[in-house]
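Order of the sequence lines fixes the chain letters, A, B, ..., with proteins taken first and strands second; residue numbering starts at 1 for each chain.
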Amino acid sequence: MKAYDHKKIEKKWQDVWEKTEPNKALTSSPKKKFYPLIEFPYPSGTGLHVGHIRSNTAMDIIARKRRMEGFNVLYPIGWDAFGLPTENYAIKTGVHPEIVTKQNTDNFRKQLKSLGFSFDWSREINTTDPKYYKWTQWIFLQFFKKGLAYKAKRPINWCLSCKVGLADEEVIDGHCERCGGPTEKREKEQWMLAITKYAERLDKDLDDVNYLEKIKIQQRNWIGKSEGSEIEFKIENLREHSEHLSSQGEETKIKVFTTRADTLFGVTYLVIAPEHELVKNLASRVTNADEVNKYIQAVKKKTEIERTDAGKEKTGVELQGLKAINPANGEEIPVFIADYVLAHYGTGAIMAVPAHDERDFEFAKKFGLSIKRVIEPVYIGKEEGAPKVGEKFVKRDAVCVVLKNPKDDTYLCNVWKTSHMQGLLTGGIEDGEDVVEAATREIKEESGYRNVRFINDPKWTVNTFFYHQQKKQNRWARFRYLYFELENEERDAVDQVEAEKHEFVWKKKEELKDFFSVFEGRFLLNILDNPDYCYLDLGYLGNSGEFDGLSSEEAKNKITEFVGGTIKTTFKLRDWVFSRQRYWGEPIPVIHCPKCGYVPVPEIELPVELPNVENYTPTDDGESPLSAITEWVNVACPACKGPAKRETDTMPNWAGSSWYYLRYADPDNSNEFASKEALGYFTPVDWYNGGMEHTTLHLLYSRFWHKFLYDLGLVPTAEPYAKRTSHGLILADDGSKFSKSKGNGVTPADVIEPFGADSVRLYEMFMGPFDQAVAWDSNGIVGVRRFVEKVWRLQEKAGTSGKEENKKIKNLLHKTLKKVSEDIEEMKFNTAISSMMILVNELDRQETIEEGIYKTLLMMLAPFTPHVTEEIWQNLGSEKSIHLESWPAYDPKLITEDEVTIAVQIDGKVRATFTAQAGLPQAEIQETALGLEVVKKWLPEGGFTKVFYVKDRLINFLSK
RNA sequence: GCCAGAGUGAUGAAAUGGUAAACAUGCGCGACUCAAAAUCGCGUGCCGAAAGGUUUGUGGGUUCAAGUCCCACCUCUGGCACCA
């Protein structure tokens with residue numbers, strides 16, 4: 001037998017596959033389709049990353065398994081090739097980005113092919129190909145025609161040293177991604193896409209897709225749906241002031257958004273964002289206009305870093321001469337502008353409730369504004385519902401009693417449980433006392449028990465329970481929960497309570513379930529009087545007129561109705577800034593005519609191709625380099641034929657990737673982005689794997705585009721991806737992220753060369769759980785390489801005919817088959833591989849191996865290591881490719897064990913094990929177990945009180 | 001601060017509530033060899049000569065039985081962050 005020569009074998013089969021194109025998906029096929037997708041790579045100059053290999057291999061294994069299962073699989077590949085690094089390279093070297101892109105994609109293609117991925121190369125796409133971006137532009141025009149693409153003045157990030165407009169993603173902590181210099185916000189007209197119009201559906205439709213839960217959660221957080229109320233406040237001039245300005249006595253209204261309409265009676269001032277339009281109107285009516293304008297200017301000057309600094313103090317200015325009227329109670333309250341209120345969220349103005357909102361609280365403390373408490377943690381208006389002194393109640397499975405402290409009229413709860421008792425320390429610790437002493441004293445005083453004694457065991461003494469940490473502002477009181485034991489006669493009493501406890505738990509659990517929260521609320525009342533305390537949770541209303549006693553939830557609706565407000569849903573999601581003042585992107589196909597406004601380029605003229613420029617650097621005024629090409633910019637208006645100018649902004653690199661999965665269905669279509677038939681057959685994507693870093697941008701953007709196309713009747717499904725999973729990052733061997741500057745990366749070629757693509761693929765699947773980050777460890781690859789060699793060497797033992805059936809091996813084979821089949825579906829590749837290793841180790845110990853068994857092993861291994869399995873397959877004399885074989889099914893009859901190991905436990909400790917025939921009844925197992933010497937030793941006289949038997953697994957005897 | 005996830009040998013890691021550490025790396029010993037590599041075999045959580053004890057971030061709880069379930073705390077990673 002020849003030695004395993006991975007270079008020769010891999011080259012050989014890659015050449016064969018290049019010619020035979022075995023992975024071409026058929027556009028029409030009677031077979032069921034399967035569409036797995038990876039995020040198409042950005043062809044960077046540094047080449048393929050080991051991270052690409054990890055996610056590509058995972059989906060490759062799934063794609064290959066599906067083919068063997070009889071599916072018509074579309075596993076496509078392409079290039080997301082617009083983007084900054086290529087453009088920056090062009091700026092530096094003057095080489096056209098198109099040429100750079102060509103070089104990079106050639107390099108990537110070669111590297112991907114060297115790993116044996118089963119991509120359908122005939123459908124390769126490239127976002128920078130005019131034939132492709134024609135349709136990106138076309139889709140943009142559909143947005144434009146529906147009014148979902150619009151121009152608006154928006155602040156953009158401006159790098160002071162590069163003199164370049166940057167996207168949000170290109171700014172890291174207020175600094176330019178390229179040069180590291182500081183950035184600031186500048187106002188600029190930008191193209192926007194109205195993704196917020198789809199916010200509701202983007203949120204709701206997550207219910208219908210099979211995404212990993214954490215992906216759904218992140219998307220939901222990003223969309224930030226929140227339900228609340230909009231309420232109007234009248235703004236009036238102060239009396240003495242309005243006499244002065246009699247003509248300006250008109251009434252203005254400020255609309256605020258709040259999720260806590262229940263706190264309306266606690267509003268003690270209003271705040272408007274400094275950028276709010278209303279501020280300009282009001283400015284003429286205030287008596288301190290100078291001060292106000294100064295503040296507004298100061299806010300504008302702040303950089304992004306200063307404004308978002310977490311720990312910074314609140315600032316603001318009162319609009320003097322004005323008062324707002326609280327619609328709930330008619331009170332006059334002051335109006336402020338402050339930059340802690342965001343102009344773009346809600347209505348840009350808030351009602352401030354310092355007693356129940358931390359930010360308002362902080363602001364009110366600083367400016368000496370009044371703080372009015374209107375939410376109580378417990379309903380204290382009437383007696384029913386509130387716990388009475390001495391009353392018992394149940395929290396989870398413990399019994400509590402409300403006690404009264406005569407000293408300060410506070411409440412105390414004791415919890416009885418088994419033989420010890422837990423209590424809340426309410427009175428604090430006196431000088432010189434330790435916690436235990438203080439608790440002992442308190443429990444004695446409060447409970448009336450005389451013989452309270454703490455168990456003198458570090459395990460039992462002080463335990464934190466109700467331990468609201470002292471926060472920065474020293475806002476929370478601190479409690480400790482203690483365990484202690486009672487002396488004899490009192491323990492009897494406790495035991496009685498214990499008995500009652502079970503009764504409570506089982507009989508009254510339902511009716512008593514809220515009781516503890518009520519108690520907890522009572523307790524909190526004590527610290528509410530603390531001037532440094534701010535209560536944020538829901539509760540019951542007080543100080544709120546006719547609404548007193550209502551729960552927060554009820555009150556939200558009732559109060560909103562009472563003041564004529566409306567229930568409203570808001571989202572954190574903002575419209576998508578869609579222009580870049582850059583060269584290397586899709587030109588936005590719009591013409592600006594002085595007469596007709598923005599006119600779309602007629603569809604027949606698409607694509608609007610990128611013209612050649614001399615210099616790729618953005619201009620000094622932040623315009624795209626395209627703006628310098630006058631012959632390209634100046635065109636006739638498509639509508640009036642008058643002189644007009646092309647839009648010189650380009651699209652962000654998210655544009656081409658928002659719909660690429662649709663193009664794969666029909667990549668060469670020049671009449672439409674993809675035919676209805678092709679889309680109807682292939683979409684939606686069945687399984688999309690990608691990085692978590694794209695959850696809130698790419699994934700959300702492409703769902704938005706897809707829904708828009710769906711509304712136009714152009715795609716058959718409401719969601720683009722039926723299933724989404726994510727892979728973990730590959731970290732450098734020191735656990736840090738790979739980075740070019742550190743030079744701690746691993747170049748794929750460096751490991752493929754010595755170990756082979758099959759081993760590299762296998763290693764990346766074996767190195768750890770697929771969804772977790774793992775550090776690269778070049779030593780680890782040695783193990784899988786040895787495994788591959790072992791599989792190779794088994795050829796020698798295989799094929800011996802006339803061997804008697806080895807039942808044990810068959811059993812192991814089918815168990816492995818089951819495990820591998822199931823693990824692949826759950827992306828548990830590491831355990832799938834380990835189970836194959838176990839099988840191979842066992843086979844290696846055999847003198848000879850049945851060929852059928854060896855072949856089955858090769859088939860289940862084929863998706864992982866396509867080259868070596870194909871080579872062995874051929875060596876065994878098969879004409880047909882192993883990848884065209886059917887995925888082997890396991891036989892459920894063959895995976896049952898006939899012999900099992902029974903563990904014998906005594907009091908839960910394993911004392912012995914023995915093998916027995918599977919499926920024996922308890923009596924027989926018990927007899928065998930009791931006959932063991934070791935068991936006799938641990939169970940003298942064979943005495944045991946109870947026995948537990950888990951079939952075919954263990955038997956547990958309880959002594960005593 | 002909020003949301004999510006994770007803490008297990010020297011290392012990457014396994015483990016439907018049922019014998020913790022499978023599989024792999026590393027290390028030690030042995031076989032083969034003039035020798036080395038490769039390969040194969042044995043061993044390898046900790047304490048202990050052994051019997052045995054002990055071990056899954058910490059402290060409790062539930063259970064015949066907890067890495068796994070419940071409560072509290074600590075630490076780390078990722079995301080969001082003045083979102084009213």
Chemist: When the distance from CZ of A/Phe829 to C1' of B/A14 is rounded to whole Å, what number comes out?
Modeler: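 Interatomic distance, CZ of A/Phe829 to C1' of B/A14: 17 Å.
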Chemist: Tell me the interatomic distance from A/Trp776, atom CH2, to B/G12, atom P, rounded to whole angstroms.
Modeler: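 Going from CH2 in A/Trp776 over to P in B/G12 covers 16 Å.
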Chemist: Could you give the CG-to-P distance, from A/Leu861 to B/C23, as a whole number of Å?
Modeler: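 Those two atoms, CG and P, are 18 Å apart.
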Chemist: Which whole-number value in Å describes the distance from A/Glu789 CD to B/A38 C1'?
Modeler: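 It works out to 9 Å between those atoms.
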Chemist: What does nucleotides 16-22 of chain B look like as a protein-contact string, B for base, S for sugar-phosphate only, - for none, at under 4.0 angstrom between heavy atoms?
Modeler: B-BB--B
Chemist: When all nucleic acid strands are considered with a 4.0 Å heavy-atom cut-off, which category describes A/Met692: base, sugar-phosphate, or nothing?
Modeler: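 It contacts nothing in the nucleic acid.
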Chemist: If only side-chain N and O atoms of A/Arg786 are considered, is one of them under 4.0 Å from the OP1 or OP2 phosphate oxygen of B/A24?
Modeler: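 Answer is no, no contact under 4.0 Å.
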Chemist: Nearest whole angstrom, please: distance from the P of B/U25 to the CZ of A/Arg785.
Modeler: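 So the CZ-P distance, A/Arg785 to B/U25, works out to 14 Å.
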Chemist: Is any side-chain N of the basic residue among A/Asp758 and A/Arg785 closer than 4.0 Å to the acidic one's carboxylate O?
Modeler: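 Salt bridge: no.
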Chemist: Within this structure, what is the CD1-to-P distance between A/Ile337 and B/C82, rounded to whole angstrom?
Modeler: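 The distance from CD1 of A/Ile337 to P of B/C82 comes to 19 Å, rounded to the nearest Å.
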Chemist: Quick one: which of B/A24, B/A84, B/A13 gets closest to the side chain of A/Met837?
Modeler: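 Minimum distance to the A/Met837 side chain belongs to B/A24.
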Chemist: Measure the acute angle between the ring planes of A/Tyr4 and A/Trp792, then classify it against the limits of 30° and 60° as parallel, tilted or perpendicular.
Modeler: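 Judged by the thresholds at 30° and 60°, the geometry between A/Tyr4 and A/Trp792 is tilted.
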Chemist: Stepwise, does the ring pair (Phe, Tyr, Trp, His ring centres under 6.0 Å) test hold for A/Phe766 with A/Phe787?
Modeler: CA-CA 12 Å; A/Phe766 184 62; A/Phe787 166 73; 8.5 Å; no
Chemist: Just N and O in the side chain of A/Tyr345: are any of them under 4.0 Å from OP1 or OP2 of B/A84?
Modeler: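 True: A/Tyr345 side-chain N/O within range (under 4.0 Å) of B/A84 OP1/OP2.
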Chemist: Would you kindly give the CD-to-P distance between A/Gln218 and B/C2, to the nearest whole Å?
Modeler: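 Going from A/Gln218 (CD) to B/C2 (P), I get 18 Å.
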Chemist: Do the side chain of A/Lys572 and the base of B/C80 come within less than 3.5 angstrom through a donor-acceptor pair of N or O atoms?
Modeler: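 No, the side chain and the base share no sub-3.5 Å donor-acceptor pair.
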Chemist: Check the distance between B/G26's P and A/Asp777's CG and give it to me in whole angstrom.
Modeler: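 Rounded to the whole Å, the gap is 9 Å.
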Chemist: Using a 4.0 Å heavy-atom cut-off to protein, can you give one letter per nucleotide of nucleotides 41-57 of chain B, 5' to 3': B if the base is in contact, S if only the sugar-phosphate is, - if neither?
Modeler: S---------SSSS---
Chemist: Under 6.0 Å between ring centres: does that hold for A/Trp938 and A/Phe944?
Modeler: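 Centroid distance A/Trp938-A/Phe944: not below 6.0 Å, so no.
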